[in-house]
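Comments concern the structure below.
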Amino acid sequence: MYALIVDDSRAMRHILRKIVEPLGFQIAEAGHGIEGFQRLAEHPEIELVLVDWNMPEMNGIDFVKAVRANPDYERIKLVMVTTETEPSKMARALMTGVDEFLMKPFTPEMLLSKLQLIGVSMPLMA
Amino acid sequence: MQFDEQMLQQITIDVCQSMLGLELLPMSPGNDMAHQLVASVEIRGTRHTIVEVFADDQLMASIAEVMFASDRGSLSEEEIRDAFCEIANMIGGNVKGTYGEEANLSLPVFGSAQDWIETLPQGSLRTTFKCCGHPLTIILREVAAPSAELVGSVTSA
C-alpha cells in the first residue's frame with residue numbers, strides 16, 4: 001500500500017512519514033501539488049494522500065480539486081494537514097473533497113484517529 | 001478576540017513542546033537579536049501582522065534534529081532552515097486562526113536578524129523561552145490593525 005505526502009516542508013514530510021510508514025505504507029513524497037500529481041501517476045496504487053494547504057506552484061486546495069475531478073483517483077482518501085484553522089477554510093476544504101482535516105500542530109495519535117475515522121486500512125496497526 | 005502574550009506563549013508551547021517534545025521555559029527577552037536568525041510569516045486580512053521566530057544557529061539545528069529525528073550535525077543547512085521555517089509557519093497559522101476572520105498566510109521567509117528593527121509598533125507582542133539552553137523568541141509585529149471603517153465594511157459585505 002502506498003501513501004503520498006504533499007508538503008513544501010521536508011521536515012513536515014519527515015514527521016508524517018515517521019507516523020504513517022510504520023502502519024504498513026510505502027511512502028511517496030512531493031513538495032507541492034504539481035509534484036504530487038507526478039507521484040500519483042508514478043504510483044497508481046496510492047490510496048492515501050496527506051496534503052498541506054499553503055504550498056508554492058500548486059497549493060493543496062487546487063490539488064484536491066484536481067484529484068477529485070479525476071475519476072481514476074476516486075478511491076483515494078485525502079487528509080488535509082495544515083495550519084489553516086479557520087472554520088470557513090475547513091468547510092471549503094471539505095466541500096472541495098477532502099475526507100478529513102488535521103490542524104498543525106498535531107500528535108501521532110491525532111493523525112491515527114483521523115485515519116481510522118475515514119476508514120483507512122492500516123495493515124500493521126496493532 | 002483580543003490576542004495577548006499568553007496566547008502567543010500557548011501556541012508556541014503547543015508547537016514546540018506538545019508536538020515536538022522540546023522543553024520550553026519562559027525567560028526574560030534578551031537584546032542580542034542581531035546575532036540571531038529569523039523565520040517569519042505574514043498574515044494579511046483586515047488585520048496585517050508578521051510573526052517572527054528568532055533563534056541562534058545552534059538552537060535552529062537542535063530543533064531541526066528533533067523534527068528530522070537526526071543525529072547531531074547530520075543535517076544540511078537547507079534542512080535546518082526548512083525545519084525552522086515550518087515552526088514559524090505553524091505558529092503563524094495558529095495565530096491567524098485566533099483572529100476570527102479569514103486571512104491569508106504567506107509562505108515562510110528565512111533571514112538574518114542583522115537588520116531587524118528593534119522598535120515594535122503598538123499592539124505588537126514578544127515572548128521568549130529557553131529551549132535546549134538557548135533563547136527562542138517569538139514576536140507578533142502589528143503592521144496594521146483593522147480600522148473601524150474597514151471592519152464595518154467587511155462585516156456588512
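In the text below, chain A, chain B and the rest are named by the order of the sequence lines, each starting its count at 1. Fair warning: this is a prediction, and the values are worked out from it, not measured in the lab.
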If one checks every heavy atom of Leu105(B) against chain A at 4.5 Å, the contacting part turns out to be both

Okay, Pro87(A) and chain B: the region with an atom under 4.5 Å from a heavy atom over there is neither

Worksheet item: Cluster question for you: counting only ILVMFWY and a side-chain heavy-atom cut-off of under 4.5 Å, with indirect links fine, are Ile76(A) and Leu94(A) together?
Response: yes

Residue Glu45(A) excluded, over 12 heavy atoms near CD under 6.0 Å = yes

Among Gly92(B), Gly100(B), Ala103(B), the residue with the most heavy-atom pairs under 4.5 Å to chain A is Ala103(B)

Taking CD in Glu77(B) as the centre, count heavy atoms belonging to other residues, nucleotides or ligands within less than 6.0 Å. Is the count above 12?
no

If you tally heavy-atom pairs under 4.5 Å between each of Asp8(A), Thr85(A), Thr107(A), Ile15(A) and chain B, the highest tally belongs to Ile15(A)

> Is Val95(B) reachable from Trp53(A) through a run of I, L, V, M, F, W or Y residues, each pair having side-chain heavy atoms under 4.5 Å apart?
Replying inline: no

Kindly work out whether a path of hydrophobic side-chain contacts (I/L/V/M/F/W/Y, heavy atoms less than 4.5 Å apart) joins Phe63(A) to Tyr73(A). yes

Surrounding CZ of Arg72(B) (heavy atoms of other residues, nucleotides or ligands, distance under 6.0 Å), is the total greater than 12? no

Item checked: Donor-acceptor under 3.5 Å (Asp14(B) side chain, Lys104(A) main chain) -> no

- Query: Are Glu84(A) and Lys96(B) close enough for a salt bridge, meaning some N to O gap below 4.0 Å?
  - Reply: yes

Query raised in the report: So do Asn94(B) and Pro105(A) actually touch side chain to side chain, heavy atoms under 4.5 Å?
Result: yes

Margin query: Between Asn54(A) and Leu107(B) (side chain of the first, backbone of the second, donor and acceptor by atom type, cut-off under 3.5 Å), is there such a pair?
Written below: no

Applying a strict 4.5 Å limit to non-hydrogen atoms, the region of Leu75(B) in contact with chain A is neither

Rounding to 0.5 Å, atoms CD1 (Ile11(B)) and OG1 (Thr83(A)) come to a distance of 11.0 Å

Bottom line for Ala69(B): the part with an atom under 4.5 Å from chain A's heavy atoms is both

If one checks every heavy atom of Met103(A) against chain B at 4.5 Å, the contacting part turns out to be neither

Residue from Arg13(A), His14(A), Met12(A) scoring the most non-hydrogen pairs under 4.5 Å with chain B is His14(A)

Verify same cluster id: Leu59(B), Leu24(B) (apolar side-chain graph, 4.5 Å)
yes

Test of understanding: clusters of I, L, V, M, F, W, Y form through side-chain heavy atoms closer than 4.5 Å, transitively. Do Ile87(B) and Leu136(B) belong to the same one? yes

Honestly, the part of Ser18(B) sitting under 4.5 Å from a heavy atom of chain A is backbone

